[in-house]
Amino acid sequence: MTRFAPSPTGYMHIGGLYQALVDCKLAQQTGGVFMLRIEDTDTKREVADAVKIIEDSMHRFGLQYNKDEKYAPYYQSKRKDIYHSVAADLLARGLAYPCFLTAEDMEKIRENQKAAGFATGIYGEFARDRNLTEEEIIAHLDNGEVPTIRLYSMGNPENRIFCKDAVRGSIGFPENNEDIVLIKSNDGLPTYHFAHLCDDHFMRTTHVVRGEEWLPSFPLHVQLFRMMGWQTPMYIHTSTIDKIDSETGKQRKLSKRHDPEANVAFFLADGWPTEAVLEYLGNIAASGYEEAKMKGQVKSIWEYEMRPKKISMSGALFDMKKLEWWAKEFIASLPVDELVKRVRDWADEYDAVWAARIADKPEYLKNILAIERDNPKRIRKDFITWKQTLQEVAYFWDDLFVPNTEYVYNKDVLSAFLETFNVSDDKDTWWNKIVAIATEKGVKNGDVAMNLRVALTGRTNTPDLYSIMHVMGEEKVIERIKGAING
RNA sequence: GGUCCCAUCGUCUAGCGGUUAGGACGUCAGAUUCUCAUUCUGAAAACACGGGUUCGAUUCCCGUUGGGACUGCCA
């Protein structure tokens with residue numbers, strides 16, 4: 001039983017997708033359950049449609065969570081009663097207490113601690129309300145004050161607590177002595193620490209996959225589980241996905257604010273094959289996948305076993321070039337019809353102008369994309385994304401065709417070709433005519449081809465010319481060559 | 001400052017005391033091709049540093065350096 005537990009910030013981070021993939025894989029390969037839990041305990045950060053974005057992203061990437069229970073997805077905000085009853089139990093057992101410290105009080109405490117060189121936080125002597133009497137509590141309450149419920153920490157930093165991570169092994173920390181907040185006063189909702197404790201226990205989570213930013217609070221969480229007498233789940237702290245900051249030159253986590261590629265929506269809008277993104281991510285978590293796939297042992301990431309112990313511990317730099325390679329390989333493996341479908345689906349959603357062009361002549365696009373795709377060993381790999389695929393073949397449309405003004409045409413050659421051109425020629429006949437022209441005009445075969453190529457496409461590099469002419473059709477070919485001669 | 005994590009080619013990594021340190025992306029060179037893309041050959045490219053332990057360390061331990069995370073009534 002694994003779970004992906006994002007907070008609804010209106011944004012799906014690539015690192016979140018990575019974690020969700022690990023969760024989903026672990027559940028899938030063991031026949032377990034994969035749940036989605038919305039951590040919406042921060043009412044201030046709530047964003048409309050955020051859950052829809054998360055669900056939609058997961059759906060598109062094929063990360064299907066279990067929906068057959070009435071609680072899928074779970075919302076922490078709807079489970080308030082559960083947290084409150086656990087808190088009440090803690091209160092009764094003297095393991096938690098109501099705290100009436102205000103934000104200002106705490107700010108002051110923090111400043112003093114900093115000035116004195118102490119660790120910040122509410123602990124030990126700084127926990128003013130730790131041992132309030134019943135009368136004092138009632139007095140505060142009568143005063144209209146709403147308390148936070150704090151943990152009555154029994155930890156002693158002099159002692160060490162060992163926490164087991166599936167990837168990193170046993171990690172030793174000083175015990176936690178902070179009286180962290182369990183239930184917030186402003187909205188009565190639990191903090192992450194408390195909510196995850198209750199949820200992962202009651203949901204029977206066996207494997208908690210989360211980012212390594214949680215490592216520092218690991219001892220607290222283990223302390224909490226032990227205090228409750230609950231079984232601690234297996235934790236897997238994944239490393240971050242980083243990039244080199246262009247300004248500082250230093251490695252850092254992919255940031256929502258500065259890096260468009262941190263956002264999963266970016267990959268969707270740019271038309272990256274979701275399978276390729278998943279394979280790229282999956283290979284970071286299970287590095288043997290790539291080789292197994294190339295050897296033909298597995299066909300997709302879903303057939304490859306991901307072993308928690310083998311998940312990479314160091315932060316990986318996001319490598320666009322490698323992603324491009326996965327994408328090229330993936331697109332090359334697609335049958336033409338599927339490729340056309342994917343490109344159309346993308347255009348329908350993200351590019352109305354292209355969608356209209358395609359809808360106008362769907363067979364045309366199919367013929368274009370089918371060029372040099374018949375030999376499975378020699379399929380062109382110049383398509384990376386659906387968007388870029390269309391840009392790549394844009395010259396097939398008159399409104400997008402950009403005549404090449406730089407190129408110096410050999411108009412003699414072009415005229416000669418026009419005289420002998422016949423669309424119904426087979427490839428050999430067609431080529432023989434080009435050779436004949438080359439011989440006659442005293443130029444290389446390649447020069448004749450290049451003149452035609454540039455005249456037809458405006459570019460100096462394209463797929464097979466014969467196929468291009470066939471797909472374009474007689475009329476367009478003649479028109480463009482004439483254009484080059486007269487232009 | 002404190003706590004914790006991490007450290008093999010440019011990048012992602014394999015390695016789990018003895019290896020010519022392997023693979024992939026990228027790069028470069030060559031062959032093929034009407035150009036390009038493919039495809040095929042080949043090449044350059046790494047164990048951060050210093051101490052231990054050991055017959056022997058990339059591998060185990062310690063330290064240094066470097067990078068990262070956390071230090072909120074955010075997750």
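Numbers restart at 1 for each chain; the letters A, B, ... are given by sequence-line order, proteins then strands. Quick note: numbers below take in every heavy atom, side chains included, and nothing from hydrogens, waters or symmetry partners. For clarity, every value in this text was computed on a predicted model and none was experimentally measured.
By the neighbour-count criterion of 12 heavy atoms within 6.0 Å, atom CD of E107(A) is densely surrounded, having more than that number from other residues, nucleotides or ligands. Other residues, nucleotides and ligands contribute over 12 non-hydrogen atoms within 6.0 Å of the CZ atom of R128(A). Annotation: F118(A), atom CZ; neighbour count of heavy atoms from other residues, nucleotides and ligands within 6.0 Å does not exceed 12. Atom NZ of K52(A) has 12 or fewer heavy atoms from other residues, nucleotides or ligands within 6.0 Å.
Ring geometry for F267(A) against F318(A) counts as tilted: the plane angle lies between 30° and 60°, on a 0 to 90° scale.
Candidate nucleotides C5(B), C73(B), C25(B) were compared by shortest atom distance to the side chain of K322(A), and C25(B) ranks first. Here U13(B) is the nucleotide among C25(B), U13(B), C5(B) with the atom lying nearest to any side-chain atom of A316(A). Side-chain atoms of D319(A) lie closest to C25(B) of the nucleotides C25(B), U3(B), C36(B). Closest contact between the side chain of D382(A) and the listed nucleotides C25(B), A37(B), C5(B) involves A37(B). Out of U35(B), C73(B), G23(B), the shortest distance to the side chain of N461(A) is found at U35(B).
Between the NZ atom of K243(A) and the C1' atom of C12(B) there is a distance of 17 Å, rounded to whole Å. In this structure, the CD1 atom of I384(A) is 15 Å from the P atom of C25(B), given to the nearest Å. Regarding E104(A), its CD atom lies at a distance of 13 Å from the P atom of C73(B), rounded to whole Å. Rounding to whole angstrom units, CD1 of residue I241(A) and P of C6(B) are separated by 18 Å.
The same atom, P, is picked in G10(B) and in G51(B); the two are 24 Å apart, to the nearest Å. U20(B) sits 15 Å from A46(B) when the C1' atoms are compared, rounded to a whole Å. Comparing G18(B) with C60(B), their C1' atoms are spaced 15 Å from each other, to the whole Å. Nucleotides A57(B) and C62(B), compared at atom C1', are 15 Å apart to the nearest Å. Straight-line distance between the P atoms of A43(B) and G50(B): roughly 30 Å, to the nearest whole Å. Taking atom P in both U64(B) and C25(B), one finds a spacing of 40 Å when rounded to whole Å. Here the separation of C74(B) from G15(B), taken at their C1' atoms, is 40 Å to the nearest Å. Taking atom C1' on both nucleotides, A14(B) is separated from U58(B) by 12 Å, rounded to a whole Å.
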Under 3.5 Å, which protein N or O atoms sit close to an N or O of nucleotides 39-49 of chain B? Give each pair with its distance.
unit_1, atom_1, unit_2, atom_2, d
U39(B), OP1, K381(A), NZ, 2.7

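If you check every strand for non-hydrogen atoms under 4.0 Å, T9(A) touches nothing. Within 4.0 Å of R160(A), counting heavy atoms only, lie sugar-phosphate atoms of the nucleic acid but no base atom. Heavy atoms of K114(A) sit nowhere under 4.0 angstrom from any nucleic acid atom. Using a 4.0 Å heavy-atom cutoff across all strands shown, F173(A) reaches sugar-phosphate atoms only and no base atom. Among the heavy atoms of the strands lying under 4.0 Å from E372(A) is at least one base atom, whether or not backbone atoms are also near. Using a 4.0 Å heavy-atom distance criterion, S287(A) is classed as a sugar-phosphate-only contact. As judged by a 4.0 angstrom heavy-atom cut-off over every strand, P219(A) is placed among residues making no nucleic acid contact. Within the 4.0 angstrom heavy-atom criterion, no nucleotide atom of any strand lies near P147(A). When heavy atoms are screened at a 4.0 angstrom cut-off, S7(A) is found touching the sugar-phosphate backbone but no base atom. Nucleic acid contact class of L452(A) (heavy atoms, under 4.0 Å, all strands): none. Among the protein residues, L465(A) comes within range of the nucleic acid bases, having at least one heavy atom under 4.0 Å from a base atom. Within the nucleic acid shown, N186(A) comes within 4.0 Å of at least one base atom, counting heavy atoms only.
Put simply, the side chain of D129(A) gets close to the backbone of F100(A): a donor and an acceptor are under 3.5 Å apart. Within the 3.5 Å criterion, the main-chain N or O of Y466(A) finds no donor-acceptor partner in the side chain of K427(A). A donor-acceptor pair under 3.5 Å is formed between the side chain of D319(A) and the backbone N or O of K322(A). Between the side chain of T240(A) and the main chain of D242(A), no donor-acceptor pair closer than 3.5 Å is present. Looking at H84(A), its side chain does come within 3.5 Å of a backbone N or O of G188(A) through a donor-acceptor pair. Looking at S287(A), its side chain never comes within 3.5 Å of a backbone N or O of I284(A) through a donor-acceptor pair.
In the interface, the side chain of R380(A) is paired with the base of C36(B) through a donor and an acceptor atom under 3.5 Å apart. Residue T462(A) places no side-chain atom within donor-acceptor reach of the base of C36(B), judged by atom type and a 3.5 Å distance cut-off alone.
Looking at residues two or more places apart in sequence or on another chain, you find no ring pair (Phe, Tyr, Trp, His ring centres under 6.0 Å) involving F401(A).
The aromatic ring centres of H221(A) and F225(A) sit 6.0 Å or more apart. In this structure, the ring of Y235(A) has its center no less than 6.0 angstrom from the ring center of W214(A).
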- [ ] Do nucleotides 59-71 of chain B as a string where each nucleotide becomes B, S or -: B if the base has a protein heavy atom under 4.0 Å, S if just the sugar-phosphate does, - if no protein is that close.
- [x] --------SSSSS
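Salt bridge annotation for D270(A)-K387(A): present, with a cationic side-chain nitrogen under 4.0 angstrom from a carboxylate oxygen.
Against RNA chain B, the stretch residues 402-416 of chain A makes no heavy-atom approach under 4.0 Å. Of the residues in residues 307-315 of chain A, K310(A), S312(A), M313(A), S314(A), G315(A) come within less than 4.0 Å of RNA chain B through at least one heavy atom, sorted by number.
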Show me the donor-acceptor pairs, under 3.5 Å and distance only, between side chains in residues 3-10 of chain A and residues at least two apart or in other chains.
unit_1, atom_1, unit_2, atom_2, d
R3(A), NE, D200(A), OD1, 2.8
R3(A), NE, D200(A), OD2, 3.3
R3(A), NH2, D200(A), OD2, 3.0

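The minimum heavy-atom distance between I331(A) and R373(A), with the atom names listed, is O-NH2, 2.9 Å.
Each of S239(A) and P174(A) was assigned the nucleotide of RNA chain B with the nearest heavy atom; the assignment lying further toward the 5' end belongs to P174(A).
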